[in-house]
Amino acid sequence: MPDEFAGEKLVSKGFFEEVTVQGFPIRGFQVYLHITRRRWLQEFGCQRNAYH
């Protein structure tokens with residue numbers, strides 16, 4: 001959970017779509033960084049807001 005929301009009521013609800021970033025080659029190899037962000041929902045009674 002992100003530190004800025006430590007006092008909030010948050011629920012983990014899966015992940016956002018994976019993003020692939022191609023980096024500069026190291027020693028002749030291609031570098032791909034696969035980034036996955038967790039989806040957090042902040043609950044306000046029945047209302048929910050998504051954070052990443």
Side-chain angles (χ1 to χ4, degrees):
M1 173 182 333
D3 290 336
E4 63 229 33
F5 300 109
E8 304 288 331
K9 184 176 180 183
L10 298 177
V11 179
S12 174
K13 291 291 185 179
F15 295 91
F16 286 98
E17 281 190 40
E18 181 180 281
V19 177
T20 303
V21 179
Q22 182 179 1
F24 294 100
I26 300 173
R27 298 184 188 150
F29 295 101
Q30 291 186 356
V31 178
Y32 292 93
L33 178 62
H34 299 272
I35 301 171
T36 307
R37 298 179 300 161
R38 183 174 294 277
R39 181 185 307 265
W40 293 96
L41 294 179
Q42 184 178 24
E43 294 186 349
F44 294 110
C46 296
Q47 181 181 0
R48 292 182 172 179
N49 295 325
Y51 292 100
H52 55 278

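Counting begins at 1 with the first residue of the sequence. Remember, it's a predicted structure, so these values are computed and weren't measured experimentally.
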Shortest non-hydrogen separation from W40 to L10 and the atoms involved = CE3-CB, 4.0 Å
Cluster link V31 to L33, ILVMFWY, side chain under 4.5 Å | no
Name all residues meeting the side chain to side chain donor-acceptor pair (under 3.5 Å) criterion together with S12; count only those two or more places apart in sequence or in a different chain, and write none if there are none.
-> R38
Using the test side-chain contact (heavy atoms from CB on, under 4.5 Å), find all partners of Y32 that sit at least two apart in sequence or belong to another chain.
-> T20, Q22, Q30, H34
